[in-house]
Amino acid sequence: MKKILVLTDFTDQCSQVKETAVMLSAKLHANLILFNTFISQPAMLSENGSDPWVLEELMWIEDSKKKLKFLKEDMDLLIAALPAADHHASIDCRKSMGSLGLQVKELLEEEHVEMIVMGARSGSTWDHILVGSDTVSVVNHTNRPVMIVPVGHPLRQLKKLTIATDFDEADLNAIHYLTRLGRLFGFTIEIVYVKLWGKESIDQTQQTSFEKHIAKFNFPGINYQNIGGKDLVNRLNDLCESNGSDVLVLVHDHHSLLHRLFNGTNAKSLLEKQKIPVMIIPAGMDLR
């Protein structure tokens, strides 16, 4: 059965992450894996030859076990309150030690994970997409969509998504995936053509070809927009606010719009207004 992998460090982001994960599981007919990981400090022997980090690790194991139990109990209550017609997910609690990105990669090899849900610990969502080590590590080690939820902004409904594109072939794959989700959730999709500053105007032939491919997906709820200029990050944020989007979607690889759009020293300050969840879709994702 499909699973949603829920990454938690038990900080302030827990509340919005658990609400988001339960809502998604209900519509995706997916069960939940609650996962917490810990990176031990480098081994350092004391004078008597004992390892001072062993006690720390043992304490973390007990603490993680207790906190996962409490978080599961909270999520079980949210699941019990779901409408009878929705899927009522089971929850599997897991913990491990080591790099979060590598642990996630191993889990994806073992489980049928549909999506990963995680929170931005503090600051803006975009700060973590750009420089947050945990987020970057997860995104770089996954072939599944990653939903990043900003503090204080859980995803309680999914009626509209906005995806930014520059006609890359990987974006077509991502849009195809979104149309599949759209049939389950009943949301509409706003496709935004982004023209980077200094680039030539949008190629109408390329745009027409792109839209012909999208038409093959037979999804009725699609609208198109064009944006350009210097302040693209704020323009995207303003567009999502004005069109009522619940999630902003970007495709990730080393040559994607995500990297080119935010390749600048002012990116951090420009991204502080981001308030809605962001879904990062890997360019090479298998549609399954």
Side-chain angles (χ1 to χ4, degrees), residues 124-126 129-130 145-148 150 155 157-183 185-285 287:
S124 73
T125 305
W126 288 114
I129 292 175
L130 292 170
V146 181
M147 185 77 78
I148 305 169
L155 183 62
Q157 64 177 18
L158 201 46
K159 294 184 177 180
K160 189 168 191 174
L161 300 182
T162 290
I163 177 169
T165 179
D166 60 352
F167 306 115
D168 191 89
E169 185 176 346
D171 297 347
L172 285 172
N173 194 51
I175 293 167
H176 192 188
Y177 174 75
L178 295 179
T179 61
R180 291 185 176 186
L181 289 186
R183 290 184 173 90
F185 287 88
F187 60 66
T188 59
I189 302 171
E190 188 100 351
I191 299 175
V192 181
Y193 300 130
V194 175
K195 183 179 79 69
L196 299 178
W197 179 250
K199 300 294 183 181
E200 295 180 1
S201 60
I202 291 174
D203 186 322
Q204 293 301 315
T205 302
Q206 192 177 24
Q207 179 173 338
T208 300
S209 176
F210 194 79
E211 292 179 9
K212 283 183 178 179
H213 277 90
I214 292 172
K216 296 176 182 178
F217 303 150
N218 295 315
F219 187 79
I222 292 180
N223 296 304
Y224 296 92
Q225 289 270 3
N226 293 358
I227 65 170
K230 286 185 177 180
D231 204 6
L232 286 176
V233 175
N234 280 335
R235 286 174 182 265
L236 267 178
N237 286 332
D238 290 343
L239 177 62
C240 287
E241 183 176 357
S242 65
N243 70 16
S245 286
D246 300 298
V247 175
L248 174 62
V249 182
L250 289 167
V251 179
H252 170 73
D253 66 17
H254 295 297
H255 305 288
S256 67
L257 176 63
L258 174 63
H259 281 268
R260 284 178 279 124
L261 185 59
F262 305 124
N263 182 23
T265 57
N266 295 321
K268 183 174 180 180
S269 62
L270 289 171
L271 295 167
E272 289 176 352
K273 293 183 179 179
Q274 184 66 32
K275 296 297 183 183
I276 63 173
V278 177
M279 181 190 291
I280 306 297
I281 298 181
M285 184 182 69
L287 287 181

Interatomic spacing from [atom1] in [X] to [atom2] in [Y] - rounded to 0.5 Å:
X	Y	atom1	atom2	answer
T179	K216	OG1	NZ	14.0 Å
K160	N243	NZ	CG	4.0 Å
M279	L181	CE	CG	6.0 Å
I163	D171	CD1	CG	5.5 Å
L236	L250	CG	CG	7.0 Å
D246	F187	CG	CZ	9.5 Å

So which atom in [X] and which in [Y] form the shortest heavy-atom distance, rounded to 0.1 Å?
X	Y	answer
A170	A283	CB-CB, 3.7 Å
I148	P150	O-CD, 3.7 Å
S242	L239	OG-O, 3.0 Å

Look only at the side chain of [X] and the backbone of [Y], and say whether a donor-acceptor pair between them is shorter than 3.5 Å.
X	Y	result
S209	T205	no
D166	V194	no
T165	F167	yes

**Study point:** Given L161, T162, N223, I214, the one that forms side-chain contact (heavy atoms from CB on, under 4.5 Å) with I191
**Key:** I214
Review point. Do you know which of L158, I276, V278 makes side-chain contact (heavy atoms from CB on, under 4.5 Å) with V247?
Key: L158
With a 4.5 Å limit on heavy-atom distance, are the side chains of [X] and [Y] in contact?
X	Y	answer
Q207	N226	yes
F217	I189	no
V192	R235	no

Review point. What class does the angle between the rings of Y224 and Y193 fall in, given that below 30° is parallel, 30 to 60° is tilted and above 60° is perpendicular?
Key: parallel
Review point. Got more than 12 heavy atoms from elsewhere within 6.0 Å of CD, Q157?
Key: yes
Point to revise | Residue E211 excluded, over 12 heavy atoms near CD under 6.0 Å | key: yes
